[in-house]
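What you see is a predicted model; the values in this text were computed from it and never measured.
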Amino acid sequence: MQLLGENFFGRETVEVARDLLGHFLCRESAEGLVSGIIVETEAYLSNNDPACHAARGKTSRNAVMFGLPGMAYVYFIYGNHYCFNVVTGQEGVGEAVLVRSVEPVDGLPLIVARRGQAVSKTNLTNGPGKLCQAFDVDSSFNGHDLREKPLYLGLNKTVSQYRPVKTTTRIGLSVAQDKPLRYVVTGNAYLSRREYLG
DNA sequence: GGGAAGATGTTCT
DNA sequence: GAACATCTTCCCT
């Protein structure tokens, strides 16, 4: 599979967030391959966005966000869960795209085993914490180059099937709740929440 | 050193 | 729809 490259990630964060929809997230391991198609993302910006982890400057936690585009930014939240982001924009700016939901493609049995829950197929990877569990992504991938195995982003030549894109407000925030920076594949069954809010 | 909040998921009503 | 488990990070005292 052809991989998404630096020229893809180094663009405006909102463009990358929108354009990631329909492409592949792939994870190889000794247990096998797990892949899925990205169907929901959120953009976190450097300017006028208090919900962004980089809003108050660089810290040890968010340092990866200020590095090269195309790296993984993975952080631990609520004592149980990881969230997977793709660093975007120019180096030093501090922006990223949160991958919130994917549609499972390869490795469904492995996904079920890792999730360890008797849930329907549409509930296996429809949320940032769920997909990290399903793809076995943890903080050891923080700073990982997403152009390299075992965690990478693949080009989908039939990405047009995952259009049009709908824009909504972001999920789970206590600040900047009104910003239209969440992007979903219209009508997709694997979204973490309904595609319209309000 | 302490405390509050957090880009969530699950379970219960 | 609401409560809560769980723990790291960061800001404040």
Ignoring backbone atoms, establish whether [X] has a side-chain N or O less than 4.0 Å from OP1 or OP2 of [N].
{"X": "A/S174", "N": "B/dG6", "value": "yes"}
{"X": "A/R115", "N": "B/dT10", "value": "yes"}
{"X": "A/R182", "N": "B/dA7", "value": "no"}
{"X": "A/H81", "N": "C/dT6", "value": "no"}

What is the distance, to the nearest angstrom, from the [atom1] atom on [X] to the [atom2] atom on [N]?
{"X": "A/F76", "N": "C/dA5", "atom1": "CZ", "atom2": "P", "answer": "16 Å"}
{"X": "A/F84", "N": "B/dT8", "atom1": "CZ", "atom2": "P", "answer": "16 Å"}
{"X": "A/N62", "N": "C/dC11", "atom1": "CG", "atom2": "C1'", "answer": "14 Å"}
{"X": "A/R100", "N": "B/dG9", "atom1": "CZ", "atom2": "P", "answer": "7 Å"}
{"X": "A/E42", "N": "B/dG6", "atom1": "CD", "atom2": "C1'", "answer": "14 Å"}
{"X": "A/R56", "N": "C/dC12", "atom1": "CZ", "atom2": "P", "answer": "7 Å"}
{"X": "A/Y75", "N": "B/dA5", "atom1": "OH", "atom2": "C1'", "answer": "13 Å"}
{"X": "A/I77", "N": "B/dA5", "atom1": "CD1", "atom2": "P", "answer": "13 Å"}

By nearest atom, which of the nucleotides [options] is closest to the [X] side chain?
{"X": "A/R61", "options": "B/dT8, C/dT9, C/dC7", "value": "C/dT9"}
{"X": "A/K130", "options": "B/dT10, B/dA7, C/dT8", "value": "B/dT10"}
{"X": "A/N85", "options": "C/dC7, B/dA7, C/dC10", "value": "B/dA7"}
{"X": "A/N80", "options": "C/dA5, C/dC7, B/dA7", "value": "C/dA5"}

Aromatic ring pairing A/H144/A/F141, orientation class (parallel under 30°, perpendicular over 60°, tilted between): perpendicular

Mutual orientation of the aromatic rings belonging to A/H23 and A/F8 [parallel < 30°, tilted 30-60°, perpendicular > 60°]: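 A/H23 vs A/F8 ring planes: perpendicular.
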
Whether A/K179 side chain and A/N48 backbone form a donor-acceptor pair below 3.5 Å: yes

Base partner of C/dT6, which must satisfy Watson-Crick or wobble distances under 3.5 Å: none

Assigned partner base of B/dA7, Watson-Crick or wobble definition, under 3.5 Å: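 Here B/dA7 is not engaged in any pair, so there is no nucleotide opposite it.
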
Ring-ring centroid check A/Y75 A/H53, cutoff 6.0 Å: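 Yes, ring centres under 6.0 Å apart.
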
Under 3.5 Å donor-acceptor pair, A/Y78 side-chain atoms to C/dA5 base atoms: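 Answer is no: no donor-acceptor pair is held.
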
Sugar-phosphate, base or nothing in reach of A/T59, heavy atoms under 4.0 Å: sugar-phosphate

Shortest non-hydrogen separation from A/G5 to A/R147 and the atoms involved: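 For A/G5 versus A/R147, the nearest heavy atoms are CA-CD, 4.1 Å.
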
NZ or CZ of A/R27 within 45° of A/Y152 ring axis and under 6.0 Å: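 No cation-pi geometry.
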
Inter-nucleotide P distance (C/dG1, B/dA7), Å rounded: 22 Å

